Protein chains: 2
Amino acid sequence: MKEIQDREQLNHYLRAFQLDSVFHEPLLPHLSLYGFEQGDLICTQGQAPEYLYVLVNGKIKIYTTSSEGKTLVLSFKTPLEVIGDVEYVRGTPILNTVEAVSSVHMIGIQYRWLHKYGKDHAPLLRFLLEIITQKFYIKSNSLSFNLMHPVEVRLASYLLSVTSDESDSRLEGQQSEVSLSDAANFIGTSYRHLNRVIRQFCNKGLVERDKGVIVVKDRNGLSALAGHNIYEHHRGKGGTRL
Amino acid sequence: MKEIQDREQLNHYLRAFQLDSVFHEPLLPHLSLYGFEQGDLICTQGQAPEYLYVLVNGKIKIYTTSSEGKTLVLSFKTPLEVIGDVEYVRGTPILNTVEAVSSVHMIGIQYRWLHKYGKDHAPLLRFLLEIITQKFYIKSNSLSFNLMHPVEVRLASYLLSVTSDESDSRLEGQQSEVSLSDAANFIGTSYRHLNRVIRQFCNKGLVERDKGVIVVKDRNGLSALAGHNIYEHHRGKGGTRL
DNA sequence: GCCAATTCAGGACATATGTCCTTTCCCAAT
DNA sequence: ATTGGGAAAGGACATATGTCCTGAATTGGC
């Protein structure tokens with residue numbers, strides 16, 4: 001991590017994401033812009049948090065590691081997203097490890113200032129509420145989805161979600177930031193089993209493999225399998241209520 | 001559901017849970033106390049929510065039903081807890097169904113008033129943040145735990161969590177509010193499989209069955225199996241940060 | 001271009017879990 | 001007490017998933 005001393009760019013981000021009201025005058029001097037490279041850890045499970053981070057550029061991966069060493073990827077996030085919000089409110093150690101999967105820009109602010117100047121600032125509180133309820137919503141979906149559906153369905157859903165926004169029938173493979181084993185850990189299964197299911201999909205003509213890259217061939221077929229249930233990136237338009 | 005016209009009791013609850021600052025003067029006239037009987041639905045998945053409820057007495061069960069008809073019990077809650085908070089903030093349909101598993105008292109307030117008089121009221125916003133981050137924390141744990149551990153471990157953990165607070169080696173069976181099939185749905189497995197695992201536990205001398213009731217015999221043994229991971233009721237002391 | 005080291009795909013087997021169905025047991029209404 | 005219904009437990013089988021290991025493929029360094 002390195003601090004980016006570029007007030008102009010910071011302001012640019014604040015404007016782009018309409019954060020001016022969220023971080024009001026007294027907080028501004030304590031905002032900093034930070035850059036992370038692919039693979040950098042932004043924060044680590046179990047440690048004492050110090051900063052609230054706002055992801056404004058790039059892509060991050062959030063995961064947890066069990067005492068037995070298993071890794072579970074909880075989500076991939078793109079802007080606008082906040083890291084350390086739950087820990088800030090609850091005063092607990094960092095819940096999950098966060099890693100940059102691309103070049104990343106984050107706005108950081110120390111808890112102390114956030115607390116000192118922000119604890120009564122309704123727009124900030126509402127912003128946190130928006131973000132956290134969204135996270136809750138996604139995690140809630142994720143929990144039910146994972147517990148109620150076999151890997152086959154989860155993989156179909158996953159493939160749809162990662163290939164939808166990008167180019168047409170996007171590929172997805174090893175050096176493309178998100179590796180296959182990340183995908184396995186995200187779906188909550190073993191790498192071995194993931195391969196097994198991918199092969200089934202190949203046989204059904206739903207996808208094709210090409211040099212470790214998965215190419216979606218039949219989105220409709222995958223949708224039928226996934227049955228509505230899509231891993232929601234569900235970015236609500238926000239603020240309908242508050 | 002029936003409204004309980006007893007201002008005194010309502011005030012009693014507000015004091016007992018220190019909600020005076022949360023629901024300030026302008027909100028008070030719009031608070032009502034409601035009673036639900038065992039089995040009553042407090043709200044239903046998919047519907048449009050209207051009230052924010054605060055659970056002040058009794059026990060409720062939160063579950064979701066998939067399109068295929070499978071039920072997943074997400075949690076059991078006791079006071080203090082809030083229902084409809086996420087929906088209030090996000091303006092979305094009700095996420096999960098909530099059912100009373102005992103006689104229940106809840107304080108209800110319509111969203112319109114909450115919004116009109118509360119949207120800038122920092123103590124209320126902070127209260128919601130506390131509650132929602134706690135929910136997030138629990139759900140996050142639950143997700144990883146379920147995805148990373150076999151039913152055996154989850155059951156051990158579950159048994160410990162439901163028998164810890166109550167009497168010594170508490171029983172847990174059919175008419176005791178929480179049925180075995182509820183337990184199965186909570187753990188995220190089938191009733192059949194739950195029975196299978198219970199039998200293993202019996203053989204190992206960890207528990208005993210007696211007329212459909214499970215009696216914990218060896219808490220230490222269960223702890224060893226669960227390995228630290230307990231379904232967290234994790235009620236933080238709250239408010240360290242905000 | 002060749003080799004070692006690493007990553008990737010898949011085989012073989014064991015275990016975990018789900019589904020369906022049968023059996024047993026309890027209780028309530030007669 | 002008798003009986004029918006329904007809950008509770010378990011048997012039998014199929015499927016889903018995990019673990020371990022091997023062979024193939026790929027890459028970087030020389």
Side-chain angles (χ1 to χ4, degrees), chain A residues 39 66 68-73 144-158 171-204 206-215 225-227, chain B residues 39 66 68-73 144-158 171-204 206-215 225-227:
Chain A
S66 72
E68 302 91 35
K70 277 188 191 174
T71 293
L72 179 66
V73 175
S144 342
F145 188 54
N146 281 308
L147 246 48
M148 301 213 271
H149 300 280
V151 169
E152 185 185 43
V153 175
R154 286 181 259 160
L155 175 60
S157 171
Y158 173 73
L171 11 162
E172 178 260 342
Q174 73 280 54
Q175 72 282 70
S176 97
E177 295 174 353
V178 177
S179 70
L180 265 193
S181 41
D182 273 349
N185 288 332
F186 179 66
I187 291 171
T189 189
S190 61
Y191 176 74
R192 176 67 191 92
H193 191 58
L194 180 66
N195 264 314
R196 194 154 24 210
V197 177
I198 288 175
R199 191 134 79 112
Q200 291 172 23
F201 283 11
C202 287
N203 293 336
K204 293 182 189 168
L206 297 171
V207 305
E208 281 182 7
R209 305 191 86 119
D210 181 28
K211 299 207 307 170
V213 168
I214 308 299
V215 185
L225 247 180
Chain B
S66 72
E68 303 91 35
K70 277 189 190 173
T71 293
L72 179 65
V73 174
S144 344
F145 189 52
N146 281 307
L147 246 48
M148 301 212 271
H149 300 279
V151 168
E152 186 185 44
V153 176
R154 284 181 260 160
L155 175 61
S157 171
Y158 173 73
L171 10 161
E172 178 260 342
Q174 72 283 52
Q175 72 281 72
S176 96
E177 295 175 353
V178 178
S179 70
L180 265 194
S181 40
D182 273 349
N185 289 331
F186 179 65
I187 290 171
T189 189
S190 61
Y191 176 73
R192 176 66 191 92
H193 192 58
L194 180 65
N195 264 316
R196 195 158 19 212
V197 178
I198 287 175
R199 191 134 79 112
Q200 291 173 23
F201 282 12
C202 286
N203 293 337
K204 293 182 190 168
L206 297 171
V207 304
E208 281 181 8
R209 308 189 84 120
D210 181 27
K211 298 208 309 169
V213 168
I214 309 298
V215 185
L225 247 179

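For clarity, every value in this text was computed on a predicted model and none was experimentally measured. First the proteins, then the strands, lettered A, B, ... as listed; each starts at 1.
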Whole angstrom value for the distance that separates P of C:dA9 from CD1 of A:Ile198: 7 Å
Candidate pair A:Leu206 and A:Leu225, rule side chain to side chain contact (heavy atoms under 4.5 Å, CB included), full reasoning: CA-CA 10 Å; A:Leu206 297 171; A:Leu225 247 180; 3.9 Å; yes
A:Asn195 CG to D:dG23 P, straight-line distance once rounded to whole Å: 18 Å
Sequence neighbours excluded, every pair satisfying salt bridge (charged side-chain N to carboxylate O under 4.0 Å, His left out) that has a member inside residues 144-155 of chain B: B:Glu152-B:Lys204
Donor-acceptor under 3.5 Å (B:Ser66 side chain, B:Lys70 main chain): yes
Close N or O pairs between protein and nucleotides 23-27 of chain C (under 3.5 Å):
none

B:Thr189/A:Leu147 under side chain to side chain contact (heavy atoms under 4.5 Å, CB included): CA gap, chis, key distance, verdict: CA-CA 8 Å; B:Thr189 189; A:Leu147 246 48; over 6 Å; no
Bend angle of the helix from C:dG1-D:dC30 to C:dT30-D:dA1, from helix axes over five pairs at each end, nearest 10°: 30°
Contacts of A:Arg209 that satisfy side chain to side chain donor-acceptor pair (under 3.5 Å) - sequence neighbours left out: A:Asn195
Protein-nucleotide distance (B:Tyr191, atom OH; D:dA7, atom P), rounded to Å: 11 Å
pair A:Val73-A:Ile187: side-chain heavy atoms closer than 4.5 Å: no
Per-nucleotide protein contact string for nucleotides 14-19 of chain C, where B marks a base within reach and S marks sugar-phosphate only (heavy atoms under 4.0 Å, - for neither): ---BBB
Audit row: A:Val215, A:Val207, side chain to side chain contact (heavy atoms under 4.5 Å, CB included) steps and yes/no: CA-CA 5 Å; A:Val215 185; A:Val207 305; over 6 Å; no
Selection residues 194-203 of chain A - residue pairs positive for salt bridge (charged side-chain N to carboxylate O under 4.0 Å, His left out), sequence neighbours left out: none
